[in-house]
Amino acid sequence: MFAQVIVDIAHSQVDKVFEYSCPDDIQVGSRVKVPFGARNIDGFVIGVSRTSSYPADKVKPIAEIFDELPALVPECFTIMEQIAQRYRVPKAVALRLFLPSEMRLGKVHVSVRRFAKFVKEIPLSASAKKQAQALEYIKSEGEADYARFAEKFGRGAVDALSDKGAIEVEERKINRSPTASLTQTYEKKILTPAQQSAIDDIESNGKHIHLIHGVTGSGKTEIYLNVIAREIEKGKSAIFLVPEISLTPQMLSQLRARFGGNAAILHSGLSAGEKFDEWWRLRTGEAKIAIGARSAIFAPLENIGAIIIDEEHDTSYSSESAPRYSTVDIARLRANFNGAKLILGSATPSVESYIKAKNGEYNLITLKDRINGKPLPEIIIADMTREVKRGNNTAFSSALREELDKSLKSGKQAIIFLNRRGYSRTVMCRDCGYTAKCENCDVTLTYHSEENCLKCHYCGAKYRMLTSCPECGGVHVLYNGIGTQRVVSDLNKLFPDARILRMDNDTVSGKDGQYKILKQFSEREADILVGTQMIAKGHDFPDVTLVGILDADMSLHFSDYRSGERTFQLITQVSGRSGRAGEAGKVVLQTCSPDNYILRYAVNYDYNGFFENEVAVRQATFFPPYSLICRVMVTAESNDKALQTLKEVYFAIEKLRETNPQEFIFLNKMHSPVKRIQGKHRYQVLMRLNSGALVEKIYDIAVKNSTADCLVYVEENPANLS
Ligand code: ADP
Ligand code: ZN
């Protein structure tokens, strides 16, 4: 037999299928080691055949076959081809997505324990006392852990018994379970009519992709779980993606309680061994439900009935390393392959998805009410420019102070949310709310301290730094946002008796630390939780009735054409943490731009108003989805090499423009906003295109110019233009 093998090297020059001879019982999908040049390297069997296209003496044999059960499920090969083609990566790179890194390169192995089992009585010489004792013991016990057994009676005696056939030693696989400690019993909920009709609609609708637009607390999770349960009953499997699974213990325990061992959880908080075992449980079919963040879309499942992407608007669903895929795209490929349902859910769908739902490409399901029957929390806007004028220089408006006071007195909990987006700084006047924008692009400019200038990340235009506000003459124009530390110290002064927890990237290291803080808060060990983006999502704290959003401006004036969309999403999500159980909640939203239309829509929970407006703006200013922002990155350790390559890439793209002028709205080459990362110089060709028509050709150019010492890659609508 001959095996077609892809070698695990991420290089376009070896991006082809190699042939090796192999045993007859080899299975497609197996991980193997094959001779390659002077050494043996890892590879994947993607096909087998009786005959070879090469002369027999030219074909070398496979050196080693790893798993009894092939690691890769058959559909991998189809999807791998599609990914390799779509994102122009070597097949090996596309295949790697389907194997957790722990599995590749043999870093982690199945955890096995050896057991000794009694087989039969045998005659022993009188001098073999240890053997006799050991035999007596194992006969009465039936079996024993090999290591302990050997320790007790001596390895020599035990091995002798094994050689003589009195006992048998066998290896058994042990599962390292990540959530064994989570115990909660499953309480069947009576579905609300809205939930029931959503579930029925998903089952019977002719469309395969569904978008659930349901307000926060409308019970979307229960819908997902019911859809999954039904697919499992049909003998199918399911994938359930959640942005921050490791931070939402409620979600984990709910899943465990409902599905027990049938659910396997894949997330970054797991140890390598745990991940390995959970992954194999899916591969062997012992578990049929894969739950996890973005990468769980590659779970080794067959016969998938449903793929669910919760909080579909979340930016964590787009990959920032090669291949730069969008999770929804991969989900569509897998859903197509399996004839599965794809369900996207959010309280604030991305503009892109909602357009598709409106166009009829997706089936739109709308849930307008919260499960608890209460209205969505009231959002009060606090105008911070007025507070400053009144001499209030704390991080807290009088409205928020009052509400905090009430909340503490009534024994409820509060969340204070600080809006932080990276370390980028913008020009915003604290006296009147003016912000500096690009004349060409209508996006906020970013301050670059090393050149003391303002830059547009969408066209590279540079502007002189302002010393005072052109609108009101005020001089507090450079805006950094407020730090968590400052917030906590202000809070301590205002409410000396309040118990405060703080959670941000600076103070909390790792998922464990974050998890601990969230647990403390949910167990009511604190009255106020202060945190950044990481506390915005998915949490269900029943006693929280007040949310304070300190710095709505930070995301509103972020230099991104989606800053309006992100702000609307953020405010809705954060507000959604308030008043989830018995009592109605409240939200205080602090801003220097109280009249901003995005904030107005957010305050009224007017998603449709926001959407119509946003679509009109995008259309008028030619931003996605009415255009495609495409960036070709050129990075190299040598500045000269990077510049040289940049020139060549740009030249090739300019030629493309000559023949397709109508496709280009904008094209230029420039330094990337962040000029060096990890010693590598960064340059870019930035373009805005009318459609995706030329994307393949641009990928071609990138692939052609990319070398080992100068990386060239394409980003489509990147979430981050730094
Ligand atoms: P969403 O994901 O839409 O924000 P959740 O799924 O978290 O909302 O549901 C909000 C709350 O309502 C949760 O505490 C959940 O346990 C509860 N819930 C959901 N469905 C029901 C139901 N049918 N009956 C009772 N409680 C429910
Ligand atoms: Zn610009």
Side-chain angles (χ1 to χ4, degrees), residues 69 71 73 75-76 79 98-100 175-189 191 195 198-199 202-203 208 210 212 219-246 248-270 274-312 317 327-328 330-331 334-335 337-345 538:
L69 178 69
V73 295
E75 80 179 78
C76 288
I79 312 278
F98 289 91
L99 289 173
N175 273 329
R176 291 157 281 203
S177 171
T179 49
S181 61
L182 291 172
T183 47
Q184 191 188 336
T185 45
Y186 168 54
E187 286 165 40
K188 199 166 164 52
K189 293 192 174 76
L191 296 172
Q195 286 172 325
I199 294 165
I202 289 169
E203 180 65 28
H208 295 300
H210 310 267
I212 304 181
K220 294 186 286 295
T221 311
E222 197 60 25
I223 298 175
Y224 305 145
L225 300 187
N226 275 277
V227 169
I228 294 172
R230 212 183 33 209
E231 294 302 322
I232 298 300
E233 265 166 41
K234 290 188 217 159
K236 301 209 168 185
S237 65
I239 297 177
F240 183 15
L241 304 183
V242 200
E244 297 265 1
I245 184 94
S246 58
T248 43
Q250 301 105 322
M251 181 74 97
L252 288 182
S253 46
Q254 225 176 323
L255 288 161
R256 266 285 175 261
R258 176 120 183 201
F259 297 114
N262 216 351
I265 293 158
L266 306 166
H267 68 74
S268 54
L270 302 185
E274 286 170 343
K275 219 186 259 175
F276 183 91
D277 289 351
E278 287 292 88
W279 193 91
W280 268 113
R281 292 204 309 117
L282 290 166
R283 178 63 189 101
T284 56
E286 182 190 323
K288 291 207 161 54
I289 308 164
I291 296 138
R294 179 176 75 217
S295 61
I297 193 61
F298 298 102
L301 287 167
E302 295 179 86
N303 196 14
I304 299 169
I307 300 177
I308 292 156
I309 304 184
D310 189 24
E311 313 280 9
E312 66 89 27
Y317 287 124
T327 304
V328 175
I330 311 283
R334 292 201 81 175
F337 187 97
N338 288 279
K341 304 174 176 69
L342 173 56
I343 298 148
L344 313 175

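Positions are given from 1 along the sequence. Only a predicted model underlies this, so the values are computations on that prediction, with no experimental measurement involved.
For Ile304 against Ser237, the heavy-atom pair with the smallest separation is CA-OG, 3.3 Å. Nearest approach of Ala264 to Ala287, heavy atoms of both residues: CB-CB, 3.9 Å. When all heavy atoms are compared, the tightest approach of Ile239 to Leu301 is CG1-CD1, 3.8 Å. Nearest approach of Cys76 to Phe98, heavy atoms of both residues: SG-CD2, 3.4 Å. When all heavy atoms are compared, the tightest approach of Ala299 to Ala290 is CB-CB, 3.5 Å. In terms of heavy-atom proximity, Ala331 sits nearest to Ile307 at O-CD1, 3.7 Å.
The distance from the NZ atom of Lys288 to the CG atom of Asn303 is 9.0 Å, given to the nearest 0.5 Å. The structure places CD of Glu75 at 4.0 Å from CZ of Arg334, a figure rounded to the nearest 0.5 Å. Considering CH2 of Trp280 and CD of Glu286, their distance stands at 12.5 Å, rounded to 0.5 Å. In this structure, CD1 in Ile79 is found 8.0 Å from CD1 in Ile330, a value given to the nearest 0.5 Å. The distance from the CG atom of Asn262 to the CZ atom of Arg256 is 10.0 Å, given to the nearest 0.5 Å. Annotation: the span from Leu342 atom CG to Glu312 atom CD amounts to 10.0 Å, rounded to 0.5 Å.
Residues passing the side-chain hydrogen bond (donor to acceptor under 3.5 Å, both in side chains) test with Tyr224, sequence neighbours excluded: Asp310. With sequence neighbours excluded, the residues that form a salt bridge (charged side-chain N to carboxylate O under 4.0 Å, His left out) with Lys234 are Glu203, Glu231.
Contact of the Ile223 side chain with the Ile202 side chain is registered, since non-hydrogen atoms from C-beta on lie closer than 4.5 Å. For the pair Leu225/Leu255, a side-chain contact is recorded, criterion being any heavy-atom separation below 4.5 Å from C-beta on. Residues Glu274 and Asp277 form no side-chain contact, since every pair of their non-hydrogen atoms from C-beta on lies 4.5 Å or further apart. Counting heavy atoms from C-beta on, the side chains of Leu282 and Leu266 come closer than 4.5 Å. Within the 4.5 Å cutoff, the side chain of Glu222 has heavy atoms near those of the Arg258 side chain. Here the side chains of Pro300 and Trp279 are in contact, with some heavy-atom distance below 4.5 Å. When side chains are defined from C-beta on, Asn226 does not count as touching Gln195, because their heavy atoms never get closer than 4.5 Å.
Salt bridge Arg283/Glu278: absent, no basic N to carboxylate O contact under 4.0 Å.
Of the possible polar contacts, one joining the Tyr317 side chain to the Leu241 backbone as a donor-acceptor pair under 3.5 Å is found. Looking only at distances, a side-chain donor or acceptor of Arg281 sits under 3.5 Å from a matching main-chain atom of Ala263. Formation of a donor-acceptor pair under 3.5 Å by the Arg294 side chain with backbone atoms of Thr327 is not found in this model.
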Go through Lys236 and Asn338 one step at a time and tell me if the side-chain contact (heavy atoms from CB on, under 4.5 Å) criterion holds.
CA-CA 10 Å; Lys236 301 209 168 185; Asn338 288 279; over 6 Å; no
Stepwise, does the side-chain contact (heavy atoms from CB on, under 4.5 Å) test hold for Ile228 with Phe259?
CA-CA 10 Å; Ile228 294 172; Phe259 297 114; 3.8 Å; yes
